[in-house]
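We count ligands from 1, going down the list as the structure has it; atoms in each ligand are counted the same way. Worth knowing before you read on, the calculation uses all heavy atoms, side chains too, and leaves out hydrogens, waters and symmetry mates.
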Amino acid sequence: MIPTSTPTDLVYLSDLLRRMPKAELHIHIEGSLEPELIFSMGQRNGIPLAYPSVAALRQAYVFDNLQSFLDIYHTGTSVLKSEQDFFDMACAYMARAQADNVLHAELFFDLQTHTGHGLSPENVVNGLHRACVEAPTRYGMTAALIMCFLRHLDEQAAFECLEQILPLRDKILGIGLASSEVGHPPEKFARVFARARELGFRLVAHAGEEAPPAYIWSALDVLQVERIDHGVQAMHDAALMQRLVQNQIPLTVCPLSNVKLRVFPTLEQHNLLRMLDAGILATVNSDDPAYFGGYINENFTQTFAALGMTAQHAYRLARNSFAASFIDAPLRQRYMDRLDAVFAA
Ligand code: ADE
Ligand code: ZN
């Protein structure tokens with residue numbers, strides 16, 4: 001049921017945004033590692049950090065672009081050593097997600113980063129998967145895993161990574177593509193995505209975060225992904241917009257990330273509302289919340305205030321999040337019913 005009245009009361013809208021059930025579909029679990037957790041894990045694992053304190057680390061979170069962020073983000077992952085670390089990291093995120101009324105999350109993880117640090121794929125996947133299995137009882141939500149290939153590495157490395165997870169196949173829902181975008185187009189991973197598709201993985205890819213619309217076209221046509229992560233550059237290509245609208249291909253948009261990484265100069269200039277008005281199936285997500293100044297509800301409340309969005313937009317974005325998720329139809333219906341109940345009240 002779509003509400004017909006537009007609340008003018010911003011406090012009411014902000015409360016509604018926080019209370020409404022939602023799914024989060026674009027969250028890098030390594031990007032949820034808060035500086036406090038980086039320090040405590042560093043201590044527990046005997047890993048020295050280049051920053052003297054939690055405050056000093058947090059102060060370093062000022063970025064010029066995606067690459068300047070990725071450099072510091074990769075440093076943060078160096079404290080992760082054991083299966084328990086991965087379990088704890090995912091649980092810390094899910095506790096925050098539950099507080100934001102997230103009913104379902106699809107968690108990205110960068111296996112190649114961790115195997116590059118000498119960890120076994122089993123430690124990484126089993127720790128994260130155990131957190132997903134315990135999510136319904138611990139946090140009242142469901143969760144699943146999407147492993148992202150690192151696009152700054154080569155095709156051979158992606159194939160080796162895919163090979164490594166085959167014994168863990170049942171614990172991973174999908175495959176994605178992340179890391180430095182410009183100069184690493186989707187075509188580089190055409191064959192390994194084709195193999196992942198044969199193996200039955202759901203497919204997504206970061207495209208059109210910093211790179212031009214051509215990257216979104218090839219994520220769709222070459223990689224044959226089902227969702228586009230970010231995709232905000234699509235607005236520069238009318239034919240692409242038509243394709244995304246006609247086929248209702250979801251975009252997992254991350255407004256605070258886009259401002260922190262200078263994709264848009266300010267939140268007021270973000271194109272989320274323009275994309276929704278054009279008929280795009282957009283969703284709101286946090287990307288790397290420990291680094292970008294807020295979890296999913298902070299993304300909702302700040303973006304709604306900046307763009308003057310309404311309760312109708314809130315309903316549509318929350319509904320889109322369930323529509324775009326990879327959950328099965330009965331669960332999707334149950335979650336949408338819970339969303340409708342909040343808006344009916
Ligand atoms: N890995 C973590 N966050 C990312 C982002 N915003 N873009 C690409 N790769 C990422
Ligand atoms: Zn991302």
[X], any N or O under 3.5 Å of ligand 1 N or O:
{"X": "S179", "answer": "yes"}
{"X": "D287", "answer": "yes"}
{"X": "D110", "answer": "no"}

Using a 4.0 Å cutoff against the non-hydrogen atoms of [X], which atoms of ligand 1 qualify?
{"X": "L70", "answer": "1 (N), 10 (C)"}
{"X": "F69", "answer": "2 (C), 3 (N)"}
{"X": "H230", "answer": "6 (N)"}
{"X": "E209", "answer": "5 (C), 6 (N), 7 (N), 8 (C)"}

- Flag for H104-T142: side-chain donor and acceptor within less than 3.5 Å: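 Yes.
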
- Query: Between the side chains of K22 and N297, does any donor sit under 3.5 Å from an acceptor?
  - Reply: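 Per modelled atom types, K22 and N297 side chains form a pair under 3.5 Å.
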
- Note on the structure: heavy-atom search around atom 3 (N) of ligand 1 in the protein gives D288 OD2, 2.6 Å

- Message: Checking a contact table here: which protein heavy atom is nearest atom 1 (N) of ligand 1, and how many Å away?
- Response: H28 CE1, 3.4 Å

- Message: Can you check the angle at the Zn ion (ligand 2) formed by NE2 of H206 and NE2 of H26? Round it to the nearest 10°.
- Response: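 With the Zn ion (ligand 2) as the vertex, NE2 (H206) and NE2 (H26) sit 90° apart.
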
- Message: Taking the ring of H26 and the ring of F108, is the distance between their centroids below 6.0 Å?
- Response: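 Yes.
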
- Record the part of Y73 in heavy-atom contact with ligand 1 below 4.0 Å; permitted values are side chain, backbone, both and neither.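 Only the side chain of Y73 comes within reach of ligand 1.
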
- Within reach of ligand 1, part of D229 (heavy-atom separation under 4.0 Å): neither

Please verify the inter-ring angle class for [X] with [Y]; under 30° counts as parallel, over 60° as perpendicular, anything in between as tilted.
{"X": "H206", "Y": "H230", "value": "perpendicular"}
{"X": "F292", "Y": "F69", "value": "tilted"}
{"X": "F63", "Y": "Y291", "value": "tilted"}

- Query: Within the stated cut-off of 2.8 Å, is an N/O/S atom of H28 closer than that to the Zn ion (ligand 2)?
  - Reply: yes

- Task: Flag C254 as yes if one of its N/O/S atoms falls below 2.8 Å of the Zn ion (ligand 2), otherwise no.
- Result: no

- Message: Any carboxylate oxygen within less than 4.0 angstrom of a Lys/Arg side-chain nitrogen, looking at D85 and R44?
- Response: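 Salt bridge: yes.
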
- Any ion pair linking R195 and E163 (charged N to carboxylate O, less than 4.0 Å)? no

- Would you sort out whether T77 and H74 count as a side chain to side chain donor-acceptor pair (under 3.5 Å), showing the intermediate values? CA-CA 5 Å; T77 63; H74 283 132; over 6 Å; no

- Message: Restricting to N, O or S atoms, which atom of D287 is closest to the Zn ion (ligand 2)?
- Response: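 Minimum-distance N/O/S atom of D287 relative to the Zn ion (ligand 2) is OD1.
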
- Message: Could you tell me if the side chain of E298 sits less than 4.5 Å from the side chain of P289, heavy atoms only?
- Response: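 In short, these two side chains do not touch, never coming nearer than 4.5 Å.
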
